[in-house]
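Below: the structure, in structure tokens.
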Number of protein chains: 2
Amino acid sequence: MHACHQHEKMCVSLVPIFNHLETEQMAEIMKTAKSGTFKRGEIIYHAGDKSDSLYILNKGKIRIYRLSESGKEQLVRILHPGDFTGELALFKEETHESYAEAIAMTQICMINRTDLQELLLKYPSISIKILTEFSNRLEEAERQTTRFATEKAETRIAVFLAECLEDQGQFNMLELPMSKKDLASYLGTTPETISRKLADLQHKGYIRQISNKKIEVLDLDGMLLI
Amino acid sequence: MHACHQHEKMCVSLVPIFNHLETEQMAEIMKTAKSGTFKRGEIIYHAGDKSDSLYILNKGKIRIYRLSESGKEQLVRILHPGDFTGELALFKEETHESYAEAIAMTQICMINRTDLQELLLKYPSISIKILTEFSNRLEEAERQTTRFATEKAETRIAVFLAECLEDQGQFNMLELPMSKKDLASYLGTTPETISRKLADLQHKGYIRQISNKKIEVLDLDGMLLI
DNA sequence: TTAAAGAATTGATGACAGTCAAGATTTGGA
DNA sequence: TCCAAATCTTGACTGTCATCAATTCTTTAA
């Protein structure tokens, strides 16, 4: 862990919450940032750790997951370069509730809580960017909660496929962004159920499984009407 | 709907996101606020409405709910005086995804989107307050999602009772804050299951149902170990 | 106050999805 | 490239909970 140098210059400019600033202002932020690298499998923070940094993912992939009251794991999201985490606890003097695990060789920048709070007061437009990001996340989280509360596994899977398709914009082809084990954890079900429901969807003619991760959607509207 | 007068002065000062400001600054905010009243059953906004106000609840109760992809309703939260809503869409030019329904005679203050954005730039500390609020809500929403994804109905009910107890601080007695029908919708289950699981919890000696809404918790730790 | 509407309970039944197990396939590290 | 470990698939079985229906209890508005 050392002060940010040349290539970390990228890091701040990668992130939507900062990259609207003047180059000069980004430079000011970078002065306060630290960087770090993690190997596959290393934990960046644990639930219960006191949280005091914003982590910006520069390179690699990070898995964010939580444990429920009874100890079961749920995958919350996977971070890609330009995403950030650790943001929640920045605004309350508390601890992380989730775990962040590097799932590939990973490089991050860290901005300290107090430094960030000063930045926010100095550049109010950063706050508005973060508020926008939080709004989206909150909307997304509530939509997800409603989905779990009201839809059965098959529908959750179908909706997930539809969203993949939309994100990837590859007309009818999509690539699952994670293993089916992780997908099961993300969707609140089991790998067995994922396998079976995908087989069902294929059997009903809505999709075709090309390979382990590649799926062709044959009838999007039909699939979503399940 | 008219400009805010005397008693609405309360409204801004009720809300944690504003009440840390100087009296004079609150007065400035109030000048831009409008007020409105709604009767039981009236809808304050619909999913799909263009959203352009922050709504602060002054008096009464508001039910926030969503419809899932397949049309099933889920109760998201119930607002009490001092709570606010409509905040999400303030930071993105989009529409509401949820419904807000007055469930009692209700009085609200509304602050327009553009007015609010100006306030945020002028008083950065308001942003930090809202960010804190958003952080908490986001954490809460993710915790809730994980609960739905990993816990069975009985556990979700037990955890809900435990949280009621904690909020109400009435040593072993709690009062359900909503009808069992709404509670079922909130917890992603049915009224029948709520009835049955409460009966089970009582049968196992963890709780005692005093009346429709009143419950005595006899063994909190035992109940949470289910 | 009371009638009507809505909410809560209880029972019977079936659908959905979790678990366990065994075999096939894929993956990634040496 | 290849092997060991991990992931994925399929089958059989079981537990949980949703649904439907019939009553009872509670709330609300005239």
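Numbers restart at 1 for each chain; the letters A, B, ... are given by sequence-line order, proteins then strands. As a basis for the values below, the full set of heavy atoms in this structure was taken, side chains included, without hydrogen atoms, waters or symmetry mates. Since the structure is predicted, the reported quantities are computational estimates derived from the model, not experimental observations.
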Legend entry - Partners meeting ring pair (Phe, Tyr, Trp, His ring centres under 6.0 Å) with Y65(B) (sequence neighbours left out): Y99(B)
Legend entry - Any donor-acceptor N or O pair under 3.5 Å, side chains Y45(B), S53(B): no
Inset, instruction - Please state how far atom CG in D200(B) lies from atom P in dG15(D), giving the value in whole angstrom units. - result: 15 Å
Inset, instruction - Take L54(B) and M110(B) through the test side-chain contact (heavy atoms from CB on, under 4.5 Å) and record every step on the way to the result. - result: CA-CA 6 Å; L54(B) 183 75; M110(B) 286 166 279; over 6 Å; no
Inset, instruction - Would you kindly say whether E142(B) and S98(A) are connected by a side-chain donor-acceptor distance under 3.5 Å? - result: no
Inset, instruction - Let me know the distance between NZ of K72(B) and C1' of dC17(D), rounded to the nearest Å. - result: 13 Å
Inset, instruction - Please tell me if the side chains of E133(A) and F134(B) come closer than 4.5 Å, counting only heavy atoms from C-beta onward. - result: no
Legend entry - Electrostatic pair R143(B):E140(B) at N-O distance under 4.0 angstrom: yes
Legend entry - Nearest-Å distance for atom pair NZ/C1', residues K39(B) and dA29(D): 14 Å
Inset, instruction - Taking atom types as modelled, find out whether S70(A) and E151(B) have a side-chain donor-acceptor pair closer than 3.5 angstrom. - result: yes
Legend entry - Sugar-phosphate, base or nothing in reach of G41(B), heavy atoms under 4.0 Å: nothing
Under-3.5 Å N/O pairs linking protein and nucleotides 1-10 of chain D:
from   : atom 1 : to      : atom 2 : distance (Å)
dC8(D) : OP1    : K180(A) : N      : 2.7
dC8(D) : OP2    : K180(A) : N      : 3.4
dC8(D) : OP2    : K181(A) : N      : 2.6
dT9(D) : OP1    : K180(A) : NZ     : 2.9
dT9(D) : OP2    : K180(A) : NZ     : 3.3
dT9(D) : OP2    : S195(A) : OG     : 2.3
dT9(D) : O5'    : S195(A) : OG     : 3.1

Legend entry - Any side-chain donor near an acceptor of the partner, T145(B) and T145(A), under 3.5 Å: yes
Legend entry - Pairing of K152(B) and E69(A) as salt bridge, 4.0 angstrom limit: no
Inset, instruction - Give the angle between the helix axes at the two ends of the helix from dT1(C)-dA30(D) to dA30(C)-dT1(D), taking five base pairs at each end and rounding to 10°. - result: 70°
Legend entry - Close side-chain approach of S51(A) to E94(A), heavy-atom, < 4.5 Å: no
Inset, instruction - Only counting residues at least two apart or in another chain, list the ones meeting salt bridge (charged side-chain N to carboxylate O under 4.0 Å, His left out) with E73(A). - result: R63(A)
Legend entry - Any side-chain donor near an acceptor of the partner, T132(A) and S135(A), under 3.5 Å: no
Inset, instruction - Check DNA chain C against residues 144-164 of chain B and give the residues with a non-hydrogen atom under 4.0 Å, in numerical order. - result: none
Legend entry - Outermost DNA chain C nucleotides near chain B [under 4.0 Å, heavy atoms]: dA7(C) to dA12(C)
Inset, instruction - Using a 4.0 Å heavy-atom cut-off across all strands, classify K197(B) as base, sugar-phosphate, or nothing. - result: sugar-phosphate
Legend entry - Residues Q74(A) and S185(A): side-chain donor-acceptor under 3.5 angstrom: no
